[in-house]
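Scope of the values below: all heavy atoms of this structure, side chains included, with no hydrogens, waters or symmetry mates. What you see is a predicted model, and the numbers here were worked out from it, not measured in a lab. Both counts, for ligands and for their atoms, begin at 1 and track the order of listing.
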Amino acid sequence: MTSLADRYERIKSALPAHVKLIAVSKTRSETEIKALYELGHRAFGENYPQELKEKQPLLPDDIEWHFIGHLQTNKVKLIAPFVHLVHAADSERLLDELDKRAATLDRTIAVLLQVHVAKEDTKHGFAPDELRAALPHWAGRWPNLRVRGLMAMASLTDDAEIAAREFKTVAQLFNELRTMGIFAVDDFTELSMGMSGDLDAAIGNGSTMVRVGTALFGPRA
Ligand SMILES: *Cc1c(COP(=O)(O)O)cnc(C)c1O
């Protein structure tokens, strides 16, 4: 059995310096999260708004909480006061709601736009063509949001080639959207791609943030 510290060091040492590690702590206890925190880690990712709302006050204030799952508009209020980055903004309605909540709280909320490239219909996000068409209409639309880039999940498959192809599609779209200049180029810098099973494919195709759960903490119950 390897220890958490061993797994953490191994994963970190495999990441290029420009790739940020988000430790996916959904379903993990405060004790498990604190153990990684004690090793110096600060960026954690959660999927369930209610779970995150309950955990956040019990854990250190300097944790950066990333919300990585599908977010329903009626749950935005649970996490809006403290969330560091919303990875999976997947509809205009959700962006409208995030902007409204941010205004109420007098804060700016950072978001990524989720792109749908996987085969499964269950995955959320904007289709690439949908984003290309929509973006020109989005200039200045959400004054309280900071759009930092794109997020994507690859198809669930053992075929690394498929994941690599999907990530490459997202990276090309990312570069294309950057040059449209709708969002400040200095803001639009992040590509959240890659989880335990497809890290290499994501990093090889320009990921700047990987979301890793199982490879760090072990299998989820
Ligand atoms: C659960 C989850 C992860 C982490 O998955 P692992 O396979 O445990 O690394 C990453 N991203 C999203 C959106 C998730 O829901």
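For the residue pair Thr2 and Arg7, a side-chain donor N or O sits within less than 3.5 Å of a side-chain acceptor on the partner.
Within a 6.0 Å sphere centred on NZ of Lys100, other residues, nucleotides and ligands contribute 12 heavy atoms or fewer.
Under the 30°/60° scheme for interplanar angles, the aromatic rings of His66 and His84 are found to be tilted.
A heavy-atom separation below 4.0 Å is not found between His87 and ligand 1.
Every atom of ligand 1 is numbered from 1 in the order shown, and the set under 4.0 Å from a heavy atom of Gly213 is 4 (C), 6 (P), 8 (O), 9 (O). Within ligand 1, counting atoms from 1 as listed, the ones closer than 4.0 Å to a heavy atom of Val212 are 9 (O). Using a 4.0 Å cut-off to heavy atoms of Met153, the atoms of ligand 1 that qualify are 13 (C).
Counting heavy atoms only, Lys26 comes closest to atom 14 (C) of ligand 1 of the residues Met195, Arg220, Lys26.
Cation-pi contact between Arg42 and Tyr37: present, with separation from the ring centre below 6.0 Å and deviation from the ring axis of at most 45°.
Nearest to atom 13 (C) of ligand 1 among the protein's heavy atoms is Ile68 O, 3.5 Å. Among protein heavy atoms, atom 9 (O) of ligand 1 sits closest to Ser196 OG, 2.5 Å. Among protein heavy atoms, atom 11 (N) of ligand 1 sits closest to Arg211 NE, 2.9 Å. Closest to atom 7 (O) of ligand 1 among all protein heavy atoms lies Thr214 OG1, 3.4 Å.
Applying the salt bridge (Lys or Arg N to Asp or Glu O under 4.0 Å) test to residues at least two apart or on different chains, none of the pairs has a partner in residues 196-216. Applying the side chain to side chain donor-acceptor pair (under 3.5 Å) definition to pairs two or more places apart or across chains, those involving residues 157-173 are Ser155-Glu166.
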* To do: Decide side chain to side chain contact (heavy atoms under 4.5 Å, CB included) for Arg141 and Asp96; before the verdict, give the C-alpha distance in whole Å, the side-chain angles of both, and the deciding distance to 0.1 Å.
  => CA-CA 9 Å; Arg141 175 154 164 196; Asp96 287 342; 3.2 Å; yes
